[in-house]
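A short worksheet on the structure shown next.
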Number of protein chains: 2
Amino acid sequence: MATRTGQDGLSRERIVEAAIAMLDDGGESALTFRALSTRLKTGPGAIYWHVANKEELLAAAVQATLADVLRSDEADTTPRDAVRALALGMFDAIDRHPWIGGQLAGLASRSASMRIIERLGQQVQALGMPHHHQFFATSTLFSFILGVAGQNAANARARVAGKSRAELLGAEAAVWASLDPAEFPFLRGVAGQLGDHDDREQFLVGIDLILAGIGAAR
Amino acid sequence: MATRTGQDGLSRERIVEAAIAMLDDGGESALTFRALSTRLKTGPGAIYWHVANKEELLAAAVQATLADVLRSDEADTTPRDAVRALALGMFDAIDRHPWIGGQLAGLASRSASMRIIERLGQQVQALGMPHHHQFFATSTLFSFILGVAGQNAANARARVAGKSRAELLGAEAAVWASLDPAEFPFLRGVAGQLGDHDDREQFLVGIDLILAGIGAAR
DNA sequence: ACCTGAACACCGTTCAAGT
DNA sequence: ACCTGAACACCGTTCAAGT
């Protein structure tokens with residue numbers, strides 16, 4: 001009867017924790033109920049006592065992963081800096097856990113999405129956007145974040161299947177550099193920038209561009 | 001020997017066409033090699049003679065679906081209108097085939113993505129953006145489009161599983177309207193706008209916002 | 001050259017049976 | 001109350017065998 005305390009019993013918390021660890025190092029395809037139950041030294045059926053199904057498990061993993069970002073508070077900064085801080089918090093979480101990008105748009109992440117949109121919206125409001133444009137401006141910020149997250153998730157999937165980020169980026173830059181200049185003048189011209197850009201900086205430039213647009217529309 | 005002409009033989013073209021039809025009315029989960037081969041009156045193995053695997057099939061479906069958008073030409077308009085036209089073309093294609101949103105970020109859609117980025121980039125260049133900012137500005141437009149596409153795909157997944165777009169949107173708006181006003185002042189305030197907004201208009205506002213930001217940064 | 005269909009190695013999920 | 005593990009109804013993919 002000594003085994004009922006501490007780490008021994010299965011719990012929703014332990015399951016979610018293990019799921020996140022598996023997602024982090026094997027991507028979404030690595031998370032199966034069989035592999036998960038092996039890691040937790042149980043049968044696949046046991047997990048269903050604590051979690052309704054895989055969708056709920058993924059939702060809980062997203063929630064747990066985004067919890068600190070959503071807990072952060074930038075009360076005493078400008079609206080602009082608050083948006084940047086929140087967006088960068090999202091970026092860093094997505095960078096650490098790229099599988100989030102494949103989940104964030106879905107129904108499973110609804111409550112996390114709502115909190116993010118709320119926070120963005122409050123700052124857009126504080127920026128002085130007219131009321132009837134606040135919703136669209138906030139959606140634009142959110143959609144952009146979602147798009148970057150999705151690309152991150154796709155890149156991570158490719159990475160799991162093979163090479164590193166630097167290798168993939170270098171290969172892609174080489175492809176761009178060797179394109180037909182008549183058909184792809186732009187891609188050829190920016191191939192160098194693709195090769196050595198910083199994802200985080202690129203993300204922040206996008207946020208700033210949208211903020212500049214909001215400033216102009218105000 | 002009369003059967004070798006016309007529609008009778010299996011072909012990559014017929015397979016992709018059937019795949020698109022299945023994706024359109026059942027979503028990504030409806031496309032299986034078994035269901036596809038049943039529809040084409042063959043065995044699952046037959047498809048592999050024409051298509052390497054599911055990833056390649058999805059890539060071909062994306063390519064075929066986006067072909068007309070990529071063929072369109074807005075030579076004699078302003079750069080701004082060209083971006084808007086291209087973006088709206090993408091939106092309409094994604095609206096008709098929402099499963100694209102789940103594919104566009106992936107490696108399978110690389111060549112389609114390259115063409116889109118090329119077209120966007122040429123217009124960003126024409127807008128007078130300094131060279132070293134063109135790549136980031138173009139990426140911002142592309143990421144935003146990707147984000148909207150991803151949301152569309154997620155919404156369509158929910159729709160296949162149950163109710164219509166209007167019902168889902170109405171239910172979500174009702175949830176927003178009933179949130180705690182202390183915790184979610186913004187969402188509560190825009191619940192009405194969520195309920196009856198037009199997705200296409202919202203998308204275009206986002207594009208315009210980014211274009212305004214590009215204009216300000218020029 | 002192209003197609004057939006059984007077989008392999010997986011999935012998520014359920015559920016009678018145990019403790 | 002919680003866990004076990006076999007079983008069900010699927011997947012994508014392969015491949016010997018056919019025509």
Side-chain angles (χ1 to χ4, degrees), chain A residues 1-20 22-23 26-62 99 102-103 106-108 157-158 160-162, chain B residues 1-20 22-23 26-62 99 102-103 106-108 157-158 160-162:
Chain A
M1 71 194 292
T3 55
R4 279 320 338 280
T5 41
Q7 301 236 46
D8 286 45
L10 210 50
S11 71
R12 191 182 160 93
E13 211 178 4
R14 279 190 65 215
I15 292 170
V16 172
E17 196 183 329
I20 291 173
M22 295 179 72
L23 288 164
E28 202 189 320
S29 66
L31 180 64
T32 70
F33 277 74
R34 280 173 179 78
L36 185 57
S37 63
T38 300
R39 176 188 257 259
L40 292 168
K41 299 189 211 308
T42 23
I47 294 166
Y48 284 89
W49 184 262
H50 301 274
V51 166
N53 51 39
K54 193 170 186 180
E55 192 186 348
E56 192 186 297
L57 177 57
L58 282 165
V62 171
W99 48 270
Q103 302 300 318
L107 263 178
R157 266 192 290 270
V160 167
Chain B
M1 69 192 299
T3 56
R4 282 312 347 279
T5 41
Q7 301 236 43
D8 286 45
L10 211 49
S11 71
R12 191 181 160 93
E13 214 179 2
R14 279 192 62 217
I15 291 170
V16 172
E17 195 183 330
I20 291 173
M22 296 179 71
L23 288 164
E28 203 189 319
S29 67
L31 180 64
T32 70
F33 277 74
R34 280 172 179 79
L36 184 57
S37 62
T38 301
R39 178 188 254 260
L40 292 168
K41 298 188 210 310
T42 23
I47 294 166
Y48 284 89
W49 184 263
H50 301 274
V51 165
N53 50 39
K54 194 169 185 179
E55 192 187 349
E56 191 185 297
L57 177 57
L58 281 164
V62 170
W99 48 270
Q103 302 300 319
L107 263 178
R157 264 192 291 271
V160 167

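All of these numbers come straight from a predicted model, not from anything done at the bench.
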B:R12 to B:A60 - nearest heavy-atom pair and separation: NH2-CB, 3.8 Å

Which ones in residues 49-57 of chain A lie close to DNA chain D, meaning a heavy atom under 4.0 Å from one of its atoms? A:W49, A:H50

Closest to the B:Y48 side chain, choosing from C:dC3, D:dT14, C:dT13: D:dT14

For B:N53 against B:F33, the heavy-atom pair lying closest together: C-CZ, 3.9 Å

What's the shortest heavy-atom distance between B:T32 and B:A35, and which atoms? OG1-N, 3.0 Å

Write down the distance between CZ (B:R34) and C1' (D:dT13), rounded to a whole number of angstrom. 9 Å

Given A:T42, A:I20, A:L36, the one that forms side chain to side chain contact (heavy atoms under 4.5 Å, CB included) with A:I15: A:L36

Rounded to the nearest angstrom, tell me the gap between atom CG in A:L36 and atom P in D:dG5. 16 Å

Map A:A46 and A:F33 onto DNA chain C by nearest heavy atom, then report which one ends up closer to the 5' terminus. A:F33

Is the count of non-hydrogen atoms from other residues, nucleotides or ligands lying under 6.0 Å from A:E13 atom CD greater than 12? no

Whether over 12 other heavy atoms sit under 6.0 Å from B:E55 CD: no

Between CD of A:E28 and NZ of A:K54, what distance do you get to the nearest 0.5 Å? 6.0 Å

In terms of the nearest nucleotide of DNA chain D, which residue is placed more toward the 5' end: A:T42 or B:L31? A:T42

Using every non-hydrogen atom in the two residues, find where B:A19 and B:L57 come nearest and quote the distance to one decimal. CB-CD1, 3.9 Å

Non-hydrogen atoms of B:A61 and B:L23 that approach each other most closely: CB-CD1, 4.2 Å

Measure NZ/A:K41 against P/D:dG5 and give the value in whole Å, please. 14 Å

Pairing string, 5' to 3', for DNA chain D - Watson-Crick or wobble contacts under 3.5 Å, brackets [ ] where pairs cross, | to another strand: ||.|||||...|||||.||

Rounding to an integer number of Å, can you tell me how far A:I47 CD1 sits from D:dA1 P? 21 Å

Among C:dT13, C:dA6, C:dC8, the one nearest B:P44 by side-chain distance: C:dA6

